[in-house]
Structures are given as structure tokens and as C-alpha cells.
Amino acid sequence: MKDLFHAFVSLVRQMSKECSDRTVIVRPHPGENSTTYERLFNHLPNVRVISDGNVIHWLLGAEAVIHNGCTTGIEAFLLDKLVLAYVPFSSPFDVDFPNDISTRAATINELQKCLDEKPPPSKEAERIFSRYYGLTKGDVSWPYVLDIIKRISPPKAAVPNIRRLRFVPDNREKIRHVFPSLTKRELDAFLYKISFQEGDPFSVKTQMLADRLFLLSPS
């Protein structure tokens, strides 16, 4: 991971020079400390380190997305973006699927060539992707997921007395960084959106049990 980190740092610095007329957005992983990247790239005028907000907006505006084993590459593939996997060396920890549906580049020169030529996704990438994704483009998955949930008949189990349970808050700094919040307001808004999309309003009671822990039940 350290070697890959340094490889991407070198890549960003080179990209800043080669693409001086473009803005290079560095999107740290949620588990990373963005200040590390800010310190490394603050002298580069066309490089911005942005970790807040939903990544989808940046993907929609991007000319190309460069990653290594990242699910963001899958999202970019679905949006028909130029998706490049920078793989300067192989590792037992490589995440193959996002890289396999991307155009691979082992060197910065290869990457620059791909940016210039903008190759379309290969037939092999489309075939690999179809093994994991069963919907046609333009379709959405949530109706299928909800349909399966509705048909599940879980075994009956004794419901514990919630008032007697004690939940210890998880105050680990890394967990707080990766999952900064989940409020009752956010959860209620999400459930309302599902109800709206279903076209069949339903009412769900949300009860907060502990920090970022809720009990959902019919109201």
C-alpha cells in the first residue's frame, strides 16, 4: 500500500505538468487522511484535493477517472466515462474486478497515451461486467432488491426488551472518520424516498437505540 501510495503521488505530480490546462481532482479514500494529500499537492496550481460530498457529481463532470482497485471505477464505467486503472506493479492484494473493466496502464507514459487516444471499453470488459451486473443500462436495482426482501420469510425469533439492552458507542477515531454520521433525520428522509419511489406510501417508525444505531418497525 505504501508503494502504491508513492506511485500515485508521482502520477499526480506528473499529471499536473502534462495536463496543465486541466484540473486534477484527487479524491482520498474515506479511510485516509486528506491533509496528507493537501500537504503534498498544495504547491500544484491545478490540483485540488476534495473528499467531501458525493463522488457521483465529480464523476459526471470528469473527462477521465484514474484509479486502482476502486469501486469508483465501477461507477465511472456505468457512466460511460474513460476509466483507467493505473497498475504500476502487481500485488496479492489487488482488487481485480474494478481493474479488469478498466483500461490498464502500467506506466505514466501508457496512462498519458490512453488519455490522448481515449480508447473505448473492450468487449472483454463488457463481458466481465455482465457477470456481476444483471440489469440492462437505464434500469435500476432497488425494485428488485425490495421485491426479494418482501418475499423473504425469516424465522420468528424472540424480540428482546429494547429498554433492557445497553449499547456501547463506538468512539474509534477511524470509524468516526469513515462513518461520520447517521441521524434520525437522514434515515427518515431515506425511507421517505423509498416510499415515494415505490408509489405506495408506507410508514416506518425509527427509534434511536444508540449513536448511529436505529430500530425500524411498522408504525
Side-chain angles (χ1 to χ4, degrees), residues 1 4-5 7-9 11-12 15 19 22-34 37 41 46-88 91 93-106 108 110-112 114-149 174-175 177-182 186-187 189-191 193-194 196-197:
M1 291 301 294
L4 190 60
F5 167 79
F8 265 82
V9 168
L11 170 64
V12 172
M15 290 289 299
C19 303
R22 296 288 190 273
T23 299
V24 179
I25 303 294
V26 176
R27 180 83 177 188
H29 187 275
E32 292 182 297
N33 189 342
S34 60
Y37 294 98
F41 303 135
N46 61 330
V47 175
R48 297 178 62 192
V49 179
I50 301 175
S51 57
D52 56 329
N54 196 315
V55 70
I56 188 66
H57 305 296
W58 298 106
L59 293 179
L60 287 169
E63 292 183 34
V65 175
I66 304 171
H67 72 97
N68 181 294
C70 185
T71 52
T72 302
I74 302 173
E75 294 178 86
F77 182 89
L78 277 169
L79 293 171
D80 296 320
K81 295 293 179 175
L82 174 61
V83 190
L84 307 175
Y86 181 46
V87 189
S91 163
F93 304 103
D94 286 345
V95 182
D96 293 327
F97 177 45
N99 291 344
D100 289 344
I101 62 173
S102 307
T103 300
R104 286 176 178 254
I108 295 178
E110 288 180 14
L111 201 63
Q112 186 63 54
C114 290
L115 288 171
D116 293 338
E117 297 179 356
K118 298 178 175 55
S122 65
K123 294 294 183 182
E124 178 66 10
E126 297 280 0
R127 185 189 66 79
I128 293 171
F129 187 75
S130 66
R131 291 169 51 196
Y132 295 85
Y133 190 82
L135 301 178
T136 58
K137 284 199 172 183
D139 206 350
V140 292
S141 62
W142 62 263
Y144 298 91
V145 175
L146 287 179
D147 182 61
I148 292 173
I149 291 174
K174 184 173 183 179
I175 296 298
H177 180 71
V178 177
F179 306 105
S181 73
L182 176 60
E186 290 171 334
L187 185 58
F190 172 75
L191 293 170
K193 288 179 182 178
I194 293 181
F196 179 80
Q197 290 287 351

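- Contact between Thr23 and Arg48 at its shortest, heavy atoms only, is CG2-CD, 4.2 Å.
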**Message:** What verdict does the side-chain contact (heavy atoms from CB on, under 4.5 Å) test give for His67 and Val83, after you've listed the backbone C-alpha separation in whole Å, the side-chain angles of each residue and the deciding distance to 0.1 Å?
**Reply:** CA-CA 8 Å; His67 72 97; Val83 190; 3.7 Å; yes

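- Proximity of a side-chain donor or acceptor of Arg127 to a complementary backbone N or O of Ser122 within less than 3.5 Å is not detected.
- Between the side chain of Glu32 and the backbone N or O of Pro28, no donor-acceptor pair lies under 3.5 Å.
- Note: Leu79 CG to Ile56 CD1 = 4.5 Å, rounded to the nearest 0.5 Å.
- The shortest side-chain heavy-atom distance between Pro121 and Phe77 falls under the 4.5 Å cut-off.
- When atom types are taken as modelled, the side chain of Lys193 and the backbone of Phe190 share no donor-acceptor pair closer than 3.5 angstrom.
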**Request:** Let me see the working for Leu115 and Met15 under side-chain contact (heavy atoms from CB on, under 4.5 Å), right down to the final yes or no.
**Result:** CA-CA 11 Å; Leu115 288 171; Met15 290 289 299; 3.4 Å; yes

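- Side-chain atoms of Cys19 and Gln112, non-hydrogen and from C-beta on, do get closer than 4.5 Å to each other.
- Contact check for Thr72 versus Pro98: no side-chain heavy atoms found under the 4.5 Å cut-off.
- A distance of 11.0 Å separates CD in Glu117 from CG in Leu82, rounded to the nearest 0.5 Å.
- The shortest distance between side-chain heavy atoms of Leu84 and Ser102 does not fall below 4.5 Å.
- Under the 4.5 Å side-chain criterion, counting only non-hydrogen atoms from C-beta, Val12 is in contact with Val26.
- Side-chain atoms of Arg104 and Asn99, non-hydrogen and from C-beta on, do get closer than 4.5 Å to each other.
- Judged by distance alone, the side chain of Asp94 and the main-chain N or O of Asp96 form no donor-acceptor pair under 3.5 Å.
- Note that OG of Ser91 and CE of Met1 are 9.0 Å apart. Values are rounded to the nearest 0.5 Å.
- You'll find the side chain of Phe129 reaches within 4.5 Å of the side chain of Ile74, heavy atoms only.
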**Asked** Which is it for Val55 and Arg27 under the side-chain contact (heavy atoms from CB on, under 4.5 Å) test, yes or no, and what are the steps along the way?
**Response** CA-CA 8 Å; Val55 70; Arg27 180 83 177 188; 3.9 Å; yes

**Prompt:** Can you list the steps and then say if Phe5 with Tyr37 is a ring pair (Phe, Tyr, Trp, His ring centres under 6.0 Å)?
**Reply:** CA-CA 10 Å; Phe5 167 79; Tyr37 294 98; 5.6 Å; yes

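- Put simply, the side chain of Lys81 gets close to the backbone of Leu60: a donor and an acceptor are under 3.5 Å apart.
- Smallest separation of non-hydrogen atoms from Ile25 and Trp58: CD1-CZ3, 4.1 Å.
- Taking 4.5 Å as the limit, some side-chain heavy atom of Ile108 sits within range of a side-chain heavy atom of Tyr86.
- Here the straight-line distance linking atom CG of Asn68 with atom CG of Leu11 works out to 10.5 Å at 0.5 Å rounding.
- For Ser34 against Val49, the heavy-atom pair with the smallest separation is O-CG1, 4.0 Å.
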